[in-house]
Amino acid sequence: MRKHFVLTAAAAALLANSAWAGRGDDGHVNIIYWQAASILNPYLSGGTKDVESSSMIIEPLGRYDENGNLVAWLAEEIPTVANGGVAEDLTSITWNLKKGIKWSDGSDFTADDVVFTAEYCMDPNGGCQQETKFADVDKVEALDSHTVKITFSVAKPFPYGPFTGGESPIIQKAQFMDCMGPKAPTCTEQNFGPHGTGPFRVTEFRANDVISMEANPHYRDPDKPAFATLTFKGGGDAASAARAVLETGEFDYAWNLQIDPSILSEMASAGKGNVVSAFGTGVERMMVNLTNPSSELGDKRSTVDGGPHPFLTDATVRRALSLAIDRETLAAVGYGDAGKPTCNVLPAPAIYASTANDECLVQNIDLANQLLDEAGWMPGSDGVREKDGVRLSILYQTSTNAVRQDTQALVKQWWGDIGVETELRNIDAAVFFGGDQSSPDTFQKFYADIEMYTNLFNGTDPEAYMNNWTCGEIPSPENNWLGGNMPRYCNPAYDDLAAQLAKTAAIEDRATIAKQMNDMLMQEGAMIPLVHRGRVSAHGNSLGGVKLNTWDSELWNVADWHRVK
């Protein structure tokens, strides 16, 4: 009898809690990303801050959870060969969409929206930033109102590029149908205020500043989200963002706290919030411009048509620049326990991590000088090396951030030790990562010799990520300066490996090929990796439900966030 009483009381308590947890009952939540959002359409931006801010509004069919597992989102289940969703010959995948899902304007979400999204990104004149997600897609068709079949031109052992993860969400056909091809970047209303299936919808968007949102009244779970309204504030710097959560309590969540670890620890001691971190695939790296960034080239500046870089196309110079860097110091000073020296652009998952490039783990100024001497780069009267009238003088740019500026200062000193002159430049993050085609200061245009930032990829499979450095992904005026190949690297042998990876099934074989691609990029000096970074964010003590996710958007489960009572 007593047991029955206890169970009844527990059930009553659950019912009571359930009644409290209604949509919007927890009021308002404040999020701060010190890199402000510039657009809410990840198909037109490679900036993480744009991908993550839009992830609360528009959603994919499947995404990755906090453990890297692929989970169904707008689909009934993840298609596999075992459940019949992936063809036995691996040339197609069929997604069954959940029924009853509405867009935030109240209309039905259907297979036509999914098909349209593929057409939008695959339009050759649109300059889609996520085009590598659709590699080898032959056609996408609606078999009925809630079934979508993707057919590949080759057997595709990993068929989850399109429509999985925060970088490949579904956009509404009715809203974007007049925004195809060259019109895509001109559709301001759509790009700043997309209708979505996610837990929130936009009420006001101010580019590079703030986004105001409200709970989507048509969201599929009637009890979510717990917050009625949301502010996504951008701008400032990482330290101010951390302080706003950990010391003043002004904000509930702060992203990407790239600040001195000792300062962050001191802030956390105030007791108002928690620092959360985890390692994924993020690497702070230098991109090496293999094309000529001279302003004298006009429209051909930093393009393949403008010709090769006057000295960074010399492999010896690139190797010497890398050898001169003390990565242990950079990791310790800038990241503490959240950073590890790395010589790879693909550091994780562990099966993909190469050891073939470990030479760079130890700084070697003497060897760097010896290599430059042997290559004929000799010091001039001012100590700067030169050869055939070309000086080793570098413009080195990155986004404005205290850790990055500290890194720049240290690197400038080390490069000075090998006779390389360095001019430092930093650009507001919202502009640098903003993708504004009219701006000369974006990381895609790359009007500098070296640029530095962190990049990573959704999920645990690197195929789409490694495709970023194929020849077809070079940003240029012809593709609206979109594409992920910032070094302008083009090697048919690399493209062949990318094609081979696309049709390779066994995980061990995929790892072998991916490591070969990584090693090719590293040993040819297209990039100079620095630090394998863990994600570091913070949330206030009163914010519940946060599950830090390094494999997808950090805001992936914002529908489950709630106020701790």
Please step through salt bridge (charged side-chain N to carboxylate O under 4.0 Å, His left out) for the pair Asp105 and Arg201, ending with a clear verdict.
-> CA-CA 9 Å; Asp105 65 352; Arg201 66 180 183 183; over 6 Å; no
Glu463 and Arg510: salt bridge (charged side-chain N to carboxylate O under 4.0 Å, His left out), yes or no, with the steps?
-> CA-CA 9 Å; Glu463 181 182 328; Arg510 292 180 68 78; 3.0 Å; yes
Phe152 vs Phe158, ring pair (Phe, Tyr, Trp, His ring centres under 6.0 Å): CA-CA, chis, key distance, verdict | CA-CA 11 Å; Phe152 299 101; Phe158 186 82; over 10 Å; no
Please walk me through it: do Arg404 and Glu284 pass salt bridge (charged side-chain N to carboxylate O under 4.0 Å, His left out)?
-> CA-CA 9 Å; Arg404 289 197 166 124; Glu284 182 82 354; 2.7 Å; yes
CA sep, side-chain torsions, deciding dist, call: Asn208, Ser38, side chain to side chain donor-acceptor pair (under 3.5 Å) | CA-CA 5 Å; Asn208 300 333; Ser38 306; 2.6 Å; yes
Going through the checks in order, is the side chain to side chain donor-acceptor pair (under 3.5 Å) test met by Thr550 and Arg535?
-> CA-CA 7 Å; Thr550 64; Arg535 287 201 186 196; 5.8 Å; no
Thr132 and Asn467: CA distance, side-chain angles, deciding distance, side chain to side chain donor-acceptor pair (under 3.5 Å) verdict = CA-CA 6 Å; Thr132 57; Asn467 280 348; 5.7 Å; no
Can Asn191 and Thr188 be said to form a side chain to side chain donor-acceptor pair (under 3.5 Å), step by step?
-> CA-CA 5 Å; Asn191 294 329; Thr188 304; over 6 Å; no
Gln258/Trp34 under side-chain contact (heavy atoms from CB on, under 4.5 Å): CA gap, chis, key distance, verdict = CA-CA 10 Å; Gln258 191 178 17; Trp34 55 274; 4.0 Å; yes
Would you sort out whether Lys49 and Glu554 count as a salt bridge (charged side-chain N to carboxylate O under 4.0 Å, His left out), showing the intermediate values?
-> CA-CA 10 Å; Lys49 38 91 174 183; Glu554 284 191 25; over 6 Å; no
Given side-chain contact (heavy atoms from CB on, under 4.5 Å), test Tyr352 with Ile507 step by step and report yes or no.
-> CA-CA 10 Å; Tyr352 297 109; Ile507 185 69; 3.3 Å; yes
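The line from OG of Ser107 to CD1 of Ile101 is 12.5 Å long, rounded to the nearest 0.5 Å. Put simply, OG1 on Thr48 and CD on Glu167 are 7.5 Å apart, with the number rounded to the nearest 0.5 Å. Distance check: Lys272 NZ to Arg243 CZ gives 14.0 Å after rounding to the nearest 0.5 Å.
With hydrogens and angles ignored, the 3.5 Å screen pairs a side-chain donor or acceptor of His532 with a backbone N or O of Gly280. Although no hydrogens or angles enter the test, the distance criterion places no donor-acceptor pair under 3.5 Å between the side chain of Asn480 and the main chain of Pro182. Of the possible donor and acceptor atoms, one in the side chain of Thr203 sits under 3.5 Å from a partner among the backbone N and O of Ser212. Side chain of Thr117 to backbone of Asp113: a donor-acceptor contact under 3.5 angstrom is found. At least one donor-acceptor pair under 3.5 Å links the side chain of Ser168 to the backbone N or O of Phe163. Between the side chain of Ser439 and the main chain of Asp436, no donor-acceptor pair closer than 3.5 Å is present. No donor-acceptor pair closer than 3.5 Å links the side chain of Asn67 to the backbone N or O of Asn69. Side-chain atoms of Asn455 do not come within 3.5 Å of backbone N or O of Val283 as any donor-acceptor pair. Between the side chain of Arg23 and the main chain of Asp221, a donor-acceptor pair closer than 3.5 Å is present. Counting only distance, with no hydrogens or angles, the side chain of Ser53 and the backbone of Ala37 share no donor-acceptor pair below 3.5 Å.
Each of Thr164, Leu74, Thr147 was checked for a side-chain contact (heavy atoms from CB on, under 4.5 Å) with Trp95, and the lone residue meeting it is Thr164. Partner Glu473 forms a side-chain contact (heavy atoms from CB on, under 4.5 Å) with one of Glu131, Met486, Gln129 and no other, that one being Glu131. The salt bridge (Lys or Arg N to Asp or Glu O under 4.0 Å) test with Lys224 is passed by exactly one of Asp26, Asp560, Asp25: Asp560. Residue Arg533 is tested with Thr454, Thr342, Thr281 for a side-chain hydrogen bond (donor to acceptor under 3.5 Å, both in side chains); the sole match is Thr454.
A centroid separation of 6.0 Å or more is found between the aromatic rings of Phe251 and Trp255. Taking the centre of each ring, Trp561 and Tyr253 come in below the 6.0 Å mark.
Look at Asp108 and Lys102 and you find a salt bridge, because one of the NZ, NE, NH1 or NH2 atoms lies within 4.0 Å of a carboxylate O, short of that distance.
Considering all non-hydrogen atoms of both residues, Asp252 and Arg563 come closest at OD1-NH1, 2.7 Å. Closest heavy-atom contact between Ile58 and Gly196: CG2-CA, 3.9 Å. Across Ile32 and Ala241, no two heavy atoms sit closer than the pair CG2-CB, 4.0 Å. Summarising the geometry of Pro79 relative to Ile93, their closest heavy-atom pair is CB-CG1, 3.7 Å, with the distance given to 0.1 Å. For the pair Tyr43 and Pro169, the tightest heavy-atom approach, listed with the atom from each and the gap, is OH-O, 2.6 Å. A pairwise comparison of heavy atoms in Leu44 and Leu482 identifies O-CD2, 4.0 Å as the closest pair.
Environment of NZ in Lys98: crowded, with over 12 heavy atoms of neighbouring residues, nucleotides or ligands closer than 6.0 Å. Counting non-hydrogen atoms of other residues, nucleotides and ligands closer than 6.0 Å to CG of Asp65 gives a total above 12. Heavy-atom neighbours of Glu204 CD from other residues, nucleotides or ligands within 6.0 Å: above the threshold of 12.
Ring-plane geometry between Phe443 and Phe432 is classed as tilted, the angle between the planes lying from 30 to 60 degrees on a 0 to 90 degree scale. Note on ring orientation: taking the six-membered ring where Trp is involved, the planes of Tyr120 and Phe116 are tilted (angle from 30° to 60°).
The closest side-chain heavy-atom distance from Pro199 to Val558 is below 4.5 Å. Side-chain contact check for Phe433 versus Tyr453: some heavy-atom pair is nearer than 4.5 Å. Asn216 is not listed as a side-chain neighbour of Trp103, based on a closest heavy-atom distance of 4.5 Å or more. Put simply, the side chain of Phe192 does not reach to within 4.5 Å of the side chain of Asn41, judged on heavy atoms.
Both the sub-6.0 Å distance and the 45° axial angle are satisfied by Lys340 relative to the ring of Phe279.
A donor-acceptor contact closer than 3.5 angstrom links the side chains of His28 and Thr229. Counted by atom type alone, Ser153 and Asp138 present zero donor-acceptor pairs between their side chains at under 3.5 Å. A side-chain N or O of Glu52 and one of Tyr33 form a donor-acceptor pair less than 3.5 Å apart.
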